[in-house]
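Structure record follows, encoded as structure tokens.
One is the number of the first residue; the rest follow in order along the sequence.
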Amino acid sequence: MKKIILALIVTFMASCSANSQGKLYLTANGVTKTATLVQNDATDDLISLLENGSVTLSMTENGGFEKVGNLPQSLTTSDVRQTAQSGDIMLYVGNVLCIFYGSNTWAYTKLGTMDDMTSNEIKEFLAGNPVEVILSLGDDAGIEEINASEILSEKVYDLNGKIVSQRPLGKGLYIINGRKTLIK
């Protein structure tokens, strides 16, 4: 009986770990979105890279159908000629991350797909040329740390959307000028 319970616990923990690593968080223009990663050597490399902390990419427009940015290191490739669709996140030549809001056929390694976003929503999310995109394994990538004494006249909101008028701000997470901000 103990062996069965132990096996169930190990299986449950392994599935929880796999699920937690199956998401990629992308933050651009103060907004965080998620993507679901596929399972391959490239995503294993990407997860290993991001376990050391978030990575910021400067992404630029390419061809009217995607944004591209250079990763700080090459990932393992398994390129296959395929047609990328809106929402696909692909790896090109080992170190170029491509986020599609249109379509293109080329040899890519698929990394994942943006969760529940239309082509227009992806374009809006990635507005700007270039646009800074923060990649992380957690949803805290867009949180900025500042000193509480630096906040004087800005409009500050709590996480429920209520305006905070007390100064200085206490420790916690706030929305200041549209950005998640951590006060320590």
Side-chain angles (χ1 to χ4, degrees), residues 7-144 179-180:
L8 289 172
I9 291 171
V10 168
T11 303
F12 174 75
M13 291 177 69
S15 69
C16 288
S17 175
N19 288 340
S20 68
Q21 291 186 343
K23 289 293 180 187
L24 176 67
Y25 291 80
L26 300 94
T27 302
N29 297 311
V31 177
T32 300
K33 299 290 185 178
T34 60
T36 301
L37 296 172
V38 298
Q39 180 59 50
N40 61 29
D41 291 339
T43 57
D44 290 345
D45 291 350
L46 181 61
I47 289 168
S48 293
L49 173 67
L50 296 176
E51 284 175 343
N52 296 319
S54 62
V55 171
T56 302
L57 305 180
S58 177
M59 300 192 78
T60 57
E61 183 72 31
N62 184 50
F65 52 82
E66 67 180 336
K67 291 280 186 159
V68 299
N70 291 329
L71 293 165
Q73 68 185 49
S74 289
L75 309 179
T76 304
T77 60
S78 54
D79 291 346
V80 175
R81 185 169 174 81
Q82 57 190 304
T83 301
Q85 301 295 325
S86 179
D88 283 343
I89 302 173
M90 300 287 198
L91 180 65
Y92 174 68
V93 298
N95 72 330
V96 178
L97 185 95
C98 309
I99 302 175
F100 286 85
Y101 54 83
S103 179
N104 190 48
T105 302
W106 205 261
Y108 302 109
T109 299
K110 186 164 186 170
L111 297 175
T113 305
M114 297 294 298
D115 293 335
D116 303 318
M117 292 184 74
T118 66
S119 179
N120 286 336
E121 290 170 335
I122 294 169
K123 278 182 177 179
E124 184 177 320
F125 173 63
L126 298 174
N129 196 28
V131 60
E132 278 195 357
V133 178
I134 302 168
L135 307 177
S136 71
L137 296 177
D139 62 358
D140 60 349
I143 297 175
E144 179 181 340
R179 303 193 96 150
K180 291 182 279 186

Minimum side-chain heavy-atom gap L111-T43 below 4.5 Å: yes
Minimum side-chain heavy-atom gap T83-S103 below 4.5 Å: yes
Euclidean distance, N95 CG relative to T77 OG1, rounded to 0.5 Å: 10.5 Å
From K23 atom NZ to T36 atom OG1, the distance as rounded to the nearest 0.5 Å: 2.5 Å
Under 3.5 Å: donor-acceptor pair, side chain of K33, backbone of F125: no
D116 CG: over 12 foreign heavy atoms closer than 6.0 Å: no
Donor-acceptor contact present, side-chain D45 to main-chain S74, <3.5 Å: no
A42 versus T76, closest heavy-atom pair with distance: CB-O, 3.0 Å
From CA spacing to verdict: side-chain contact (heavy atoms from CB on, under 4.5 Å), L57, L71: CA-CA 7 Å; L57 305 180; L71 293 165; 4.0 Å; yes
Closest approach of S86 to I122 (non-hydrogen atoms, all atoms of both residues): OG-CD1, 3.7 Å
For P72 against V55, the heavy-atom pair lying closest together: CD-CG1, 3.7 Å
side-chain contact (heavy atoms from CB on, under 4.5 Å) evaluation trace for Q82 with T105: CA-CA 5 Å; Q82 57 190 304; T105 302; over 6 Å; no
Non-hydrogen atoms of M59 and N129 that approach each other most closely: O-OD1, 4.2 Å
Aromatic plane relationship, Y108 with F100 - under 30° parallel, 30 to 60° tilted, over 60° perpendicular: perpendicular
Separation between CE of M117 and OG1 of T34, rounded to the nearest 0.5 Å: 9.0 Å
V133 and its side-chain contact (heavy atoms from CB on, under 4.5 Å) partner, picked from T56, L26, L97: L26
Heavy-atom check, side chain of C98 versus side chain of V68, under 4.5 Å: yes
Within-4.5 Å side-chain heavy-atom neighbours: T60 and N62: no
Test item: L91 and L46 side chains (from C-beta on) under 4.5 Å apart, heavy atoms: no
Salt bridge (Lys or Arg N to Asp or Glu O under 4.0 Å) partners of D88, counting only residues at least two apart: K110
Sidechain-backbone polar pair: T109 side chain, S78 backbone, donor-acceptor under 3.5 Å: yes
Donor-acceptor contact below 3.5 Å, side chain K67 vs main chain G128: yes
CA sep, side-chain torsions, deciding dist, call: M90, E66, side-chain contact (heavy atoms from CB on, under 4.5 Å): CA-CA 10 Å; M90 300 287 198; E66 67 180 336; over 6 Å; no
Heavy-atom closest contact (Y25 atom, T32 atom, distance): CD2-CG2, 4.1 Å
Side chain N29, main chain A127, donor-acceptor under 3.5 Å: yes
Any side-chain heavy-atom pair of E121 and M114 under 4.5 Å: no
Check: T27 and S136 side chains under 4.5 Å, non-hydrogen atoms: no
Beyond-backbone contact of D44 with Q39, side-chain heavy atoms, under 4.5 angstrom: yes
